[in-house]
Chemist: 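My questions will all concern the structure given below.
As the structure lists them, so they are numbered: ligands from 1, and atoms in each ligand from 1. Sequence positions, counted from 1, serve as the residue numbers for this chain. These numbers come from a predicted model, not from an experiment.
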Amino acid sequence: MKALEEKILREGKILNGGSVLRVSSFLNHQIDCDFLTEIGAEIARLFAEDHVTKILTVEASGIALAVAAGAALHVPAVFAKKHKTSNLSGALYQTVVHSFTHNTDYTVTVEREYLCPGDRVLIVDDFLANGKAIEGLLDLIAQAGAEAVGAAIAIEKGFQEGGRTLRARGLRVESLAIIERMDESGITFRH
Ligand code: 5GP
């Protein structure tokens with residue numbers, strides 16, 4: 001998506017010697033609502049024929065994009081919670097995810113009533129790096145007896161293994177911008 005690549009080039013900041021991209025000005029801290037609405041519409045266009053019944057993401061950074069995609073597809077957006085809270089009913093799906101950005105393991109949880117057998121689930125997230133967040137969501141979908149129709153990602157870091165691994169296991173992964181390389185000299189996209 002050309003507009004996303006241009007926005008990354010304009011506003012993105014490369015951190016940690018080229019392993020982390022900061023796009024907090026529009027995607028996952030401050031949210032550019034109009035722009036996320038455009039991304040949501042593009043995701044809806046890509047999965048228009050797939051009879052999606054639900055969007056699934058992980059809190060917190062995927063939620064804004066999940067809502068934009070859910071609004072465009074007219075389906076609910078569910079986010080897996082990172083902390084077990086007292087208002088969860090007890091009937092839960094849970095799995096453990098390794099965090100790329102924090103280098104720790106955390107448990108994610110979805111209440112059973114929000115992920116059902118027969119659901120056709122589209123995974124949405126802001127970034128794809130090593131693919132652990134998506135693998136965790138696939139595990140929750142499998143536990144629910146639902147079906148994963150694919151994953152829609154705003155920014156895939158193509159130099160990390162997640163995209164290759166997930167596509168090799170047969171998942172349809174649609175990334176709106178794929179970064180081939182990033183370092184102090186700039187960012188190159190894969191087309
Ligand atoms: P993965 O599980 O694919 O290794 O990492 C994906 C998750 O880590 C995403 O949900 C995202 O929140 C976070 N993440 C991975 N790489 C980056 C990055 O370069 N920048 C930001 N802002 N988040 C990232």
Side-chain angles (χ1 to χ4, degrees), residues 1 4-32 35-36 39-40 43 55-70 77-83 93-110 121-142 148 150-190:
M1 189 182 174
L4 178 57
E5 292 181 2
E6 287 169 359
K7 201 147 171 86
I8 292 168
L9 292 176
R10 270 199 315 275
E11 300 184 24
K13 304 222 176 349
I14 299 167
L15 306 180
N16 291 10
S19 65
V20 171
L21 180 67
R22 188 166 181 272
V23 283
S24 312
S25 65
F26 68 94
L27 187 60
N28 50 26
H29 188 10
Q30 174 171 262
I31 310 292
D32 183 332
F35 190 63
L36 259 71
I39 299 183
I43 291 172
I55 307 289
L56 181 64
T57 191
V58 189
E59 77 172 344
S61 60
I63 294 177
L65 191 54
V67 170
V78 176
F79 60 93
K81 295 197 169 199
K82 284 185 177 162
H83 302 286
Y93 301 116
Q94 283 192 318
T95 195
V96 175
V97 172
H98 182 77
S99 164
F100 170 75
T101 38
H102 299 108
N103 196 24
T104 50
D105 288 348
Y106 60 93
T107 301
V108 292
T109 302
V110 170
V121 183
L122 174 60
I123 294 171
V124 167
D125 208 356
D126 58 344
F127 274 90
L128 171 56
N130 291 324
K132 300 302 175 194
I134 292 183
E135 283 175 15
L137 295 177
L138 286 170
D139 184 22
L140 296 176
I141 293 166
I153 307 297
I155 305 172
E156 174 177 341
K157 292 186 293 179
F159 53 87
Q160 291 183 252
E161 70 194 24
R164 191 164 21 90
T165 309
L166 291 166
R167 290 183 182 100
R169 80 184 245 194
L171 186 72
R172 177 179 170 201
V173 180
E174 298 281 359
S175 300
L176 303 187
I178 303 182
I179 296 175
E180 187 71 60
R181 189 183 57 77
M182 61 179 189
D183 54 33
E184 59 287 343
S185 65
I187 296 174
T188 312
F189 295 100
R190 184 185 300 167

Chemist: Taking atom types as modelled, find out whether Ser25 and Glu11 have a side-chain donor-acceptor pair closer than 3.5 angstrom.
Modeler: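 Judged by distance alone, the side chains do pair up.
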Chemist: So, Gln94 and Thr107: side-chain donor and acceptor under 3.5 Å apart, yes or no?
Modeler: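 No, no side-chain donor-acceptor pair sits under 3.5 Å.
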Chemist: Give a yes or no on whether the backbone of Ala129 and the side-chain of Gln160 come within a donor-acceptor separation of less than 3.5 Å.
Modeler: no
Chemist: What atoms in ligand 1 come closer than 4.0 Å to a heavy atom of Asp125?
Modeler: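 Per the distance check, 9 (C), 10 (O).
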Chemist: Looking only at distance, does Ala129 have an N or O less than 3.5 Å from an N or O of ligand 1?
Modeler: yes
Chemist: Please state which option from Leu128, Leu21, Ile134 has its nearest heavy atom closest to atom 22 (N) of ligand 1.
Modeler: Leu21
Chemist: Under 3.5 Å, is there a donor-acceptor pair between the side chain of Glu156 and the main chain of Leu128?
Modeler: no
Chemist: Is it the case that ligand 1 has an N or O less than 3.5 angstrom from some N or O of Asn130?
Modeler: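 Yes.
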Chemist: Out of all atoms in ligand 1, which are within 4.0 Å of some heavy atom of Asn28? Include the element for each.
Modeler: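 Heavy-atom distances to Asn28 below 4.0 Å select 22 (N).
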Chemist: Tell me whether Val58 reaches ligand 1 (any heavy atom closer than 4.0 angstrom to a ligand atom).
Modeler: no
Chemist: Considering only the protein, which heavy-atom contact is closest to atom 2 (O) of ligand 1, and what is its distance?
Modeler: Ala133 N, 2.8 Å
Chemist: For Thr101, take its heavy atoms, then give the atoms of ligand 1 lying under 4.0 Å from any of them.
Modeler: 13 (C), 14 (N), 23 (N), 24 (C)
Chemist: Output the list of atoms in ligand 1 that are nearer than 4.0 Å to some heavy atom of Ser61, sorted by atom number.
Modeler: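 Per the distance check, 12 (O).
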Chemist: Between Ile155 and ligand 1, which part of the residue brings a heavy atom under 4.0 Å of the ligand: side chain, backbone, both or neither?
Modeler: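 Within the 4.0 Å criterion, Ile155 makes no contact with ligand 1.
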Chemist: Under 3.5 Å, side chain of Ser99 to main-chain N/O of His102, donor-acceptor pair present?
Modeler: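 Judged by distance alone, yes, a pair lies under 3.5 Å.
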Chemist: Under a 4.0 Å N-O cut-off, is there an ion pair linking Arg172 with Glu174?
Modeler: yes
Chemist: Output yes when the distance from some N or O of ligand 1 to some N or O of Lys157 is under 3.5 Å, and no in every other case.
Modeler: yes
Chemist: Taking C-beta and beyond as the side chain, do Asn130 and Lys157 meet within less than 4.5 Å on heavy atoms?
Modeler: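 No, too far: nothing below the 4.5 Å cut-off.
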Chemist: Can you see whether Ser61 engages Asn28 through a side-chain donor-acceptor pair at a distance of less than 3.5 angstrom?
Modeler: no
Chemist: Side chain to side chain contact (heavy atoms under 4.5 Å, CB included) with Asp105: which residues, sequence neighbours excluded?
Modeler: Val96, His98
Chemist: Among all protein heavy atoms, pick the one closest to atom 6 (C) of ligand 1 and tell me residue, atom and distance.
Modeler: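 That would be Phe127 O, 3.6 Å.
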Chemist: Quick one: nearest non-hydrogen protein atom to atom 11 (C) of ligand 1, plus distance?
Modeler: Asp126 OD1, 3.4 Å
Chemist: What residue pairs, at least two apart or across chains, pass ring pair (Phe, Tyr, Trp, His ring centres under 6.0 Å) with a residue in residues 5-32?
Modeler: Phe26-Phe35
Chemist: At a 4.0 Å threshold, what atoms of ligand 1 neighbour a non-hydrogen atom of Phe100?
Modeler: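 It comes down to these atoms of ligand 1: 4 (O), 5 (O), 15 (C), 16 (N).
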Chemist: Tell me: protein heavy atom nearest atom 3 (O) of ligand 1, and distance?
Modeler: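 I find the closest protein heavy atom is Gly131 N, 2.7 Å.
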